[in-house]
Amino acid sequence: MGGLKGKTICFTGTLQGMKRADAAAKATKAGAIVKSSVVKTLDYLVACEGAGSKLASAGPDTEIITQDGGLKGKTICFTGTLQGMKRADAAAKATKAGAIVKSSVVKTLDYLVACEGAGSKVDSAGPNTEIITQDEFEAMLGGGKGKSPSKAAKPTRKISKKDESSSDEDSDESSEPVKKRVPKKKLGGGLKGKTICFTGTLQGMKRADAAAKATKAGAIVKSSVVKTLDYLVACEGAGSKLASAGPDTEIITQDEFEAML
């Protein structure tokens, strides 16, 4: 399990150590679209204690995961400055969830949590490393280890290679196809000569300031979402505007944008 941005997710059963509303809030903060019931089109179904027969309602492409978020046995590393916690605390949480914490960025990493000031270190990650934000990392954590679902989970997908974003439609029966994201480009640079646009509410800076930073880095800032964009920075409340991006547009988070500066 990796980036939740644009993914549909539902919780079933009893979560350990947190209320369902809190889990839904964390998923929403990470950009996921939380569904209130199990439908065939779900991307992720979090199966907790007592999930029971509801698992059978999931579609063939739904990935069934436990509350621990799929970190068990995965290698992970943190780079940059985390917000609201020390790196040692983040490492402890990852370890509690079953992850193997690495002290440096290596090619074989499963997850690299790129925080503020990550800079060029993200370039050291391997091609199969999933680069995620702190919000995405926290959304992958559970209050305790979830029970293994009675229905076998599908193999974990590398979302950096096959990520999707969808509209903010709330209907569980929506069958509108979601937009596929192209593979993530290496962070830490590459804005020169690229077109970029911002949608949603940025955290800690005004849109004009973000546009100024992008321009300084050599990017061409667009005021609206067009099919020919190279990068679309999707922030809180981006909603349905994501659907206006072209098939080759790279949809990134604010943290990923800042890491490219």
Side-chain angles (χ1 to χ4, degrees), residues 2-7 30-33 43 79-80 105 107 109 111-136 157-168 176-261:
L4 284 174
K5 191 172 187 64
K7 297 293 185 178
I33 302 163
D43 290 305
T79 184
V105 182
K107 299 291 184 185
L109 272 179
Y111 295 113
L112 174 59
V113 185
C115 305
E116 183 177 352
S120 60
K121 287 189 177 181
V122 294
D123 290 328
S124 301
N128 293 322
T129 298
E130 173 74 20
I131 300 173
I132 62 175
T133 65
Q134 181 179 342
D135 284 344
E136 290 171 327
R157 293 174 289 177
K158 279 290 182 181
I159 298 178
S160 61
K161 299 212 175 267
K162 190 181 179 182
D163 203 355
E164 299 173 345
S165 64
S166 65
S167 70
D168 56 356
E176 183 177 343
V178 294
K179 180 183 294 297
K180 289 186 177 180
R181 288 177 65 180
V182 297
K184 286 182 182 293
K185 298 175 176 65
K186 281 288 185 184
L187 304 181
L191 282 176
K192 188 174 182 180
K194 300 293 184 179
T195 54
I196 192 169
C197 182
F198 302 86
T199 184
T201 304
L202 286 93
Q203 301 300 307
M205 73 170 75
K206 296 180 180 179
R207 187 174 297 189
D209 295 332
K213 288 185 177 184
T215 301
K216 185 177 180 180
I220 303 164
V221 180
K222 297 291 185 179
S223 59
S224 59
V225 182
V226 293
K227 299 291 185 184
T228 55
L229 272 179
D230 290 306
Y231 294 108
L232 174 59
V233 184
C235 306
E236 185 177 352
S240 60
K241 289 187 178 181
L242 299 176
S244 301
D248 295 324
T249 298
E250 174 74 30
I251 300 174
I252 61 176
T253 65
Q254 181 179 342
D255 286 345
E256 290 173 326
F257 161 69
E258 292 176 358
M260 296 172 73
L261 296 174

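Residues: numbered from 1 along the sequence shown.
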- Task: Check Ser223 against Cys197 and note the closest heavy-atom contact, atom names and distance.
- Result: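 Looking at all heavy atoms of both residues, the shortest contact is C-SG, 4.1 Å.
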- Message: Going by the rule side chain to side chain contact (heavy atoms under 4.5 Å, CB included), which residues pair with Ala212 if we only count those two or more places apart in sequence or in a different chain?
- Response: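 By the side chain to side chain contact (heavy atoms under 4.5 Å, CB included) rule, Ala212 matches no residue at all.
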- Message: Please list all pairs meeting ring pair (Phe, Tyr, Trp, His ring centres under 6.0 Å) that have one or both residues in residues 199-225, counting only residues at least two apart or in different chains.
- Response: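 For residues 199-225, and leaving out neighbouring residues, there are no ring pair (Phe, Tyr, Trp, His ring centres under 6.0 Å) pairs at all.
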- NZ-CD distance between Lys7 and Glu136, expressed to the nearest 0.5 angstrom: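 Nearest 0.5 Å value for the NZ-CD distance: 11.5 Å.
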- Message: I need the minimum non-hydrogen distance between Gly200 and Cys235, along with the two atoms involved.
- Response: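 For Gly200 versus Cys235, the nearest heavy atoms are C-CB, 4.0 Å.
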- Task: Only counting residues at least two apart or in another chain, list the ones meeting side chain to side chain contact (heavy atoms under 4.5 Å, CB included) with Ala210.
- Result: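 By the side chain to side chain contact (heavy atoms under 4.5 Å, CB included) rule, Ala210 matches Phe198, Leu202, Met205, Phe257.
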- Query: Of the non-hydrogen atoms in Val105 and Ala125, which two are nearest, and what is the gap between them?
  - Reply: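 Nearest heavy atoms, Val105 then Ala125: CG1-N, 3.6 Å.
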- Query: Considering all heavy atoms of both residues, which atom of Ala211 and which atom of Val221 are nearest to each other, and what is their separation?
  - Reply: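 Minimum heavy-atom separation between Ala211 and Val221: O-CG2, 3.6 Å.
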- Rounded to the nearest 0.5 Å, what's the gap from CE on Met260 to CD1 on Ile196? Could you check?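 Between atom CE of Met260 and atom CD1 of Ile196 there are 6.5 Å.
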- Query: For the residue pair Ala217 and Leu261, what are the closest heavy atoms and their distance?
  - Reply: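 So the minimum-distance heavy-atom pair works out to CB-CD2, 4.1 Å.
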- Short question: side chain of Asp230, backbone of Thr195 - any donor-acceptor pair under 3.5 Å?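 Answer holds: yes.
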- Please, which pairs that meet side-chain hydrogen bond (donor to acceptor under 3.5 Å, both in side chains) have at least one residue in residues 210-220, sequence neighbours excluded?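 As it turns out, there is no side-chain hydrogen bond (donor to acceptor under 3.5 Å, both in side chains) pair with a partner in residues 210-220 once direct neighbours are skipped.
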- From Thr133 atom OG1 to Leu112 atom CG, the distance as rounded to the nearest 0.5 Å: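 The OG1 atom of Thr133 sits 11.5 Å away from the CG atom of Leu112.
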- Can you list the residues that meet the side chain to side chain donor-acceptor pair (under 3.5 Å) rule with Thr79, with sequence neighbours excluded?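 Thr79 satisfies side chain to side chain donor-acceptor pair (under 3.5 Å) with no residue once adjacent residues are dropped.
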- Task: Mind checking the CZ-OG1 spacing from Arg207 to Thr201? Nearest 0.5 Å is all I need.
- Result: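 Separation between the atoms: 7.5 Å.
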- Among Ile132, Ile252, Ile251, side-chain contact (heavy atoms from CB on, under 4.5 Å) partner for Lys5: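 With Lys5 as partner, side-chain contact (heavy atoms from CB on, under 4.5 Å) holds for just one option, Ile251.
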- Query: So, for Glu236 and Gln203, which heavy atoms are closest and what is the spacing to 0.1 Å?
  - Reply: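 Result for this residue pair: OE1-NE2, 2.9 Å.
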